[in-house]
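Predicted model, so just to flag it, every value in this text is computed and none were measured.
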Amino acid sequence: MLSEQSAATVRATLPAVGAAIGEITERFYAGLFAAHPDLLRDLFNRGNQAAGTQRQALAGSIAAFATRLVEPAPDHPQDHDHVESRPQDRPHDRPQDRPQDRPDAMLTRIAHKHASLGIAPEQYKVVHEHLFAAIADVLGEAVTPEVAAAWDEVYWLMANALIAIERRLYEESGGDAWREWEVVERVRETEDVVTFGLRPVDGAPVRDFRAGQYVSVRAELPDGARQIRQYSLSGAPGADVRRISVKRVPGGVTTPEGEVSNHLHACVREGSVLELSEPYGDLVLDDAVGTPLLLASAGIGVTPIVAMLAHLAATGHEAPVTVVHADRSPADHALRTDHEAYAAKLPDASVHLWYEREAPAHARTGLADLADVPVAPGTRAYLCGPLPFMRAVRAQLIAKGVAPADVHYEVFGPDLWLART
């Protein structure tokens with residue numbers, strides 16, 4: 001809990017810090033990587049740094065956390081939401097359509113990502129040093145000793161909470177060690193998606209995972225960098241072979257191509273060895289017995305959803321399951337056969353597909369629209385895909401009576417749901 005004196009100072013300075021947070025995070029990363037180039041080479045996603053999305057995500061999380069410390073969310077049922085909010089909502093968003101700031105949910109999501117990267121407590125001191133140097137550099141004389149002390153308290157409240165969650169995650173997973181896994185199969189799903197099946201090189205038992213979780217993959221690139229990326233486990237929990245489905249990320253006008261995804265597509269074959277973390281991620285099916293579910297995905301967001309469907313089919317889930325998926329075309333729909341086959345094994349499942357082109361008779365043409373999709377009372381929803389897709393689906397679900405607390409989501413890459421838009 002923020003002290004009363006610091007809360008008053010943070011409340012008074014939050015507008016100035018919020019207005020400058022983009023410049024602060026930009027200078028923070030510049031200073032951090034100048035002093036520790038190994039962090040950019042082997043830990044931070046170089047593509048996200050080049051595109052600026054990691055800076056946006058960091059700015060959003062800091063602003064959201066500080067705002068919630070000094071301006072607690074109203075204690076109304078509709079305000080308790082599993083998904084986090086942006087510090088400022090778009091003008092056309094209605095209050096009931098907005099994710100509210102939930103520090104606990106936000107911190108859990110960040111902690112899972114940190115644990116998958118092997119972040120250690122001592123690294124928070126390094127971040128503190130360069131973050132506060134950037135704050136002082138940008139805000140200058142406005143950073144009085146009182147202001148510095150107040151924001152120092154904010155930082156360590158957030159950092160210590162993350163350290164505690166990460167410690168628990170490491171204890172549950174058996175530590176933060178990386179392990180070598182051999183590629184035992186490679187399957188081309190679409191033009192841009194390949195599934196890799198992996199077994200541990202040492203042959204020792206592996207811990208089970210929960211449907212919806214991901215692993216970090218560390219790959220050595222041609223320039224010697226050992227870059228890390230997270231990929232959802234796309235196979236059923238409990239299987240001897242772990243599967244990840246990797247979409248090759250092309251370069252755009254303002255974004256670089258995906259270094260690791262293109263490397264895996266071009267260079268990794270059966271017999272190759274990759275380093276994997278333990279499974280992490282909080283987009284998991286809680287006790288869903290008797291609960292109606294809606295599993296919505298778009299594009300490569302299908303990967304954790306397929307794992308969830310595999311789990312539901314294996315455990316004999318009998319309550320209604322509504323499957324929603326949107327893609328460019330049937331040919332671009334990765335894991336399409338598994339997606340539909342697992343749904344067909346459920347006794348009360350309905351499948352709703354949208355394709356932008358070449359839609360078959362049982363699908364619809366265009367973007368996903370849940371207006372005509374029945375949603376059972378008490379439905380719990382899980383979303384994965386591009387942010388515009390998830391925001392649109394979430395708004396429609398809430399309009400249909402789904403409780404905001406029952407809408408859960410996964411973002412691939414930096415969580416820009418928190419960023420100013």
Only pairs under 3.5 Å count here: list side-chain donor-acceptor contacts from residues 31-39, not counting sequence neighbours, and write none if there are none.
none

**Prompt:** Do you know which two heavy atoms are closest between Leu14 and Ala66, and how far apart they sit?
**Reply:** CD1-CB, 4.0 Å
**Prompt:** So do the side chains of Tyr214 and Pro279 get within less than 4.5 Å of each other, counting heavy atoms only?
**Reply:** no
**Asked** Between Arg46 (side chain) and Leu40 (backbone), is there a donor-acceptor pair under 3.5 Å?
**Response** no
**Request:** Apply the test side chain to side chain donor-acceptor pair (under 3.5 Å) to residues Asp369 and Gln396: give CA-CA distance (whole Å), side-chain angles for both, the deciding distance (0.1 Å), then the verdict.
**Result:** CA-CA 8 Å; Asp369 183 353; Gln396 288 191 303; 2.8 Å; yes
**side-chain contact (heavy atoms from CB on, under 4.5 Å) assessment of Ile110 paired with Met158** = CA-CA 11 Å; Ile110 295 172; Met158 187 173 182; 4.2 Å; yes
**Asked** Rounded to the nearest 0.5 Å, how far apart are CD of Glu26 and CD of Gln54?
**Response** 14.0 Å
**Side chains of Trp178 and Ser216 in contact at under 4.5 Å (non-hydrogen atoms)** = yes
**Request:** Applying side-chain contact (heavy atoms from CB on, under 4.5 Å), run through Phe44 and Asn48 and close with a yes or a no.
**Result:** CA-CA 8 Å; Phe44 284 85; Asn48 291 339; over 6 Å; no
**Asked** Hey, are Arg226 and Asp42 close enough for a salt bridge, meaning a charged N less than 4.0 Å from a carboxylate O?
**Response** no
**Candidate pair Leu309 and Val321, rule side-chain contact (heavy atoms from CB on, under 4.5 Å), full reasoning** = CA-CA 9 Å; Leu309 284 170; Val321 178; 4.2 Å; yes
**Message:** Check the orientation of His408 and Tyr382. Use parallel for under 30°, tilted for 30 to 60°, and perpendicular for over 60°.
**Reply:** parallel
**Asked** What do the steps show when you test Leu370 against Val393 for side-chain contact (heavy atoms from CB on, under 4.5 Å), and what is the final call?
**Response** CA-CA 7 Å; Leu370 274 59; Val393 169; 4.1 Å; yes
**Asked** Has the side chain of Thr190 got a donor or acceptor atom that lies under 3.5 Å from a matching backbone atom of Asp192?
**Response** yes
**Side-chain (Asn262) to main-chain (Pro250) donor-acceptor, under 3.5 angstrom** = no
**Prompt:** Any side-chain heavy atom of Arg109 within less than 4.5 Å of one from Lys113?
**Reply:** no
**Request:** Taking all heavy atoms of Pro222 and all of His263, pick out the closest pair and write down the distance.
**Result:** CD-ND1, 4.3 Å
**Item:** Test item: Leu131 and Ile62 side chains (from C-beta on) under 4.5 Å apart, heavy atoms
**Value:** yes
**Message:** Could you work out, with ring-ring contact (aromatic ring centres under 6.0 Å, His included) as the rule, every residue matching His128, not counting sequence neighbours?
**Reply:** Phe132, Tyr155, Trp156
**Item:** Atom pair CG/CZ of Leu69 and Arg11 - distance to nearest 0.5 Å
**Value:** 10.5 Å
**Request:** Using atom types as modelled and distance alone, determine if a side-chain donor or acceptor of Gln213 lies under 3.5 Å from a backbone N or O of Gly281.
**Result:** yes
**Request:** Please step through side chain to side chain donor-acceptor pair (under 3.5 Å) for the pair Ser245 and Glu189, ending with a clear verdict.
**Result:** CA-CA 8 Å; Ser245 300; Glu189 306 285 355; 4.8 Å; no
**Prompt:** Any idea which heavy atoms bring Ser272 and Cys267 closest together, and the distance?
**Reply:** OG-O, 4.0 Å
**Asked** Side chains of Ile228 and Val217: closer than 4.5 Å at any heavy-atom pair?
**Response** no
**Prompt:** Ion pair present between Arg243 and Asp338, side-chain N to carboxylate O less than 4.0 angstrom?
**Reply:** no
**Prompt:** So does Glu172 have more than 12 non-hydrogen atoms from other groups sitting under 6.0 Å from CD?
**Reply:** yes
**Complete:** The reported gap from CG in Leu157 to CG in Asp152 (rounded to nearest 0.5 angstrom) is 9.5 Å
**Message:** I'd like to know if the side chain of Arg248 and the backbone of Gly258 have a donor-acceptor N/O pair within less than 3.5 Å.
**Reply:** no
**Item:** Expected output: side-chain Lys247 to main-chain Ala334 donor-acceptor under 3.5 Å
**Value:** no
**Asked** Can any side-chain N or O of Glu185 pair as donor or acceptor with the backbone N or O of Phe196 at less than 3.5 Å?
**Response** no
**Shortest non-hydrogen contact from Ala20 toward Leu139** = CB-CD2, 4.0 Å
**Message:** Taking the six-membered ring of Trp181 as reference, does the cationic atom of Arg242 (NZ for Lys, CZ for Arg) lie under 6.0 Å from its centre and within 45° of its axis?
**Reply:** no
**Asked** Going by heavy atoms in the side chains, are Arg168 and Ile165 under 4.5 Å from each other?
**Response** yes
**Request:** State, yes or no, whether a side-chain contact exists between Val17 and Ile135 at a heavy-atom distance under 4.5 Å.
**Result:** no
**Prompt:** Atom CD of Gln123 and atom CD of Glu166: how far apart are they, to the nearest 0.5 Å?
**Reply:** 9.5 Å
With a cut-off of 3.5 Å and sequence neighbours excluded, list every side-chain donor-acceptor pair involving residues 288-306.
| unit_1 | atom_1 | unit_2 | atom_2 | d |
| --- | --- | --- | --- | --- |
| Ser297 | OG | His325 | ND1 | 2.7 |
| Thr303 | OG1 | Ile300 | O | 3.2 |

**Prompt:** Which value, rounded to the nearest 0.5 Å, describes the distance between Glu259 atom CD and Ser261 atom OG?
**Reply:** 9.5 Å
**Fill in**
In terms of heavy-atom contacts, Val373 and Lys400 come closest through O-NZ, 3.1 Å
**Request:** Determine yes or no for a side-chain-to-main-chain donor-acceptor pair under 3.5 angstrom, with Arg207 supplying the side chain and Ser173 the backbone.
**Result:** yes
**Prompt:** Between Ser6 (side chain) and Ser3 (backbone), is there a donor-acceptor pair under 3.5 Å?
**Reply:** no
**Prompt:** Can we say Arg27 and Glu23 salt-bridge, meaning some charged N sits less than 4.0 Å from an Asp/Glu carboxylate O?
**Reply:** yes
**Of Val201, Asp202, Leu274, the residue whose pairing with Arg179 passes side chain to side chain contact (heavy atoms under 4.5 Å, CB included)** = Asp202
**Asked** Side chains of Asn45 and Val260: closer than 4.5 Å at any heavy-atom pair?
**Response** no
**Item:** Least distance between heavy atoms, Tyr280 atom then Ser116 atom
**Value:** CD1-CA, 3.5 Å
**Item:** Interatomic spacing from CG in Leu221 to CG in Leu264 - rounded to 0.5 Å
**Value:** 8.5 Å
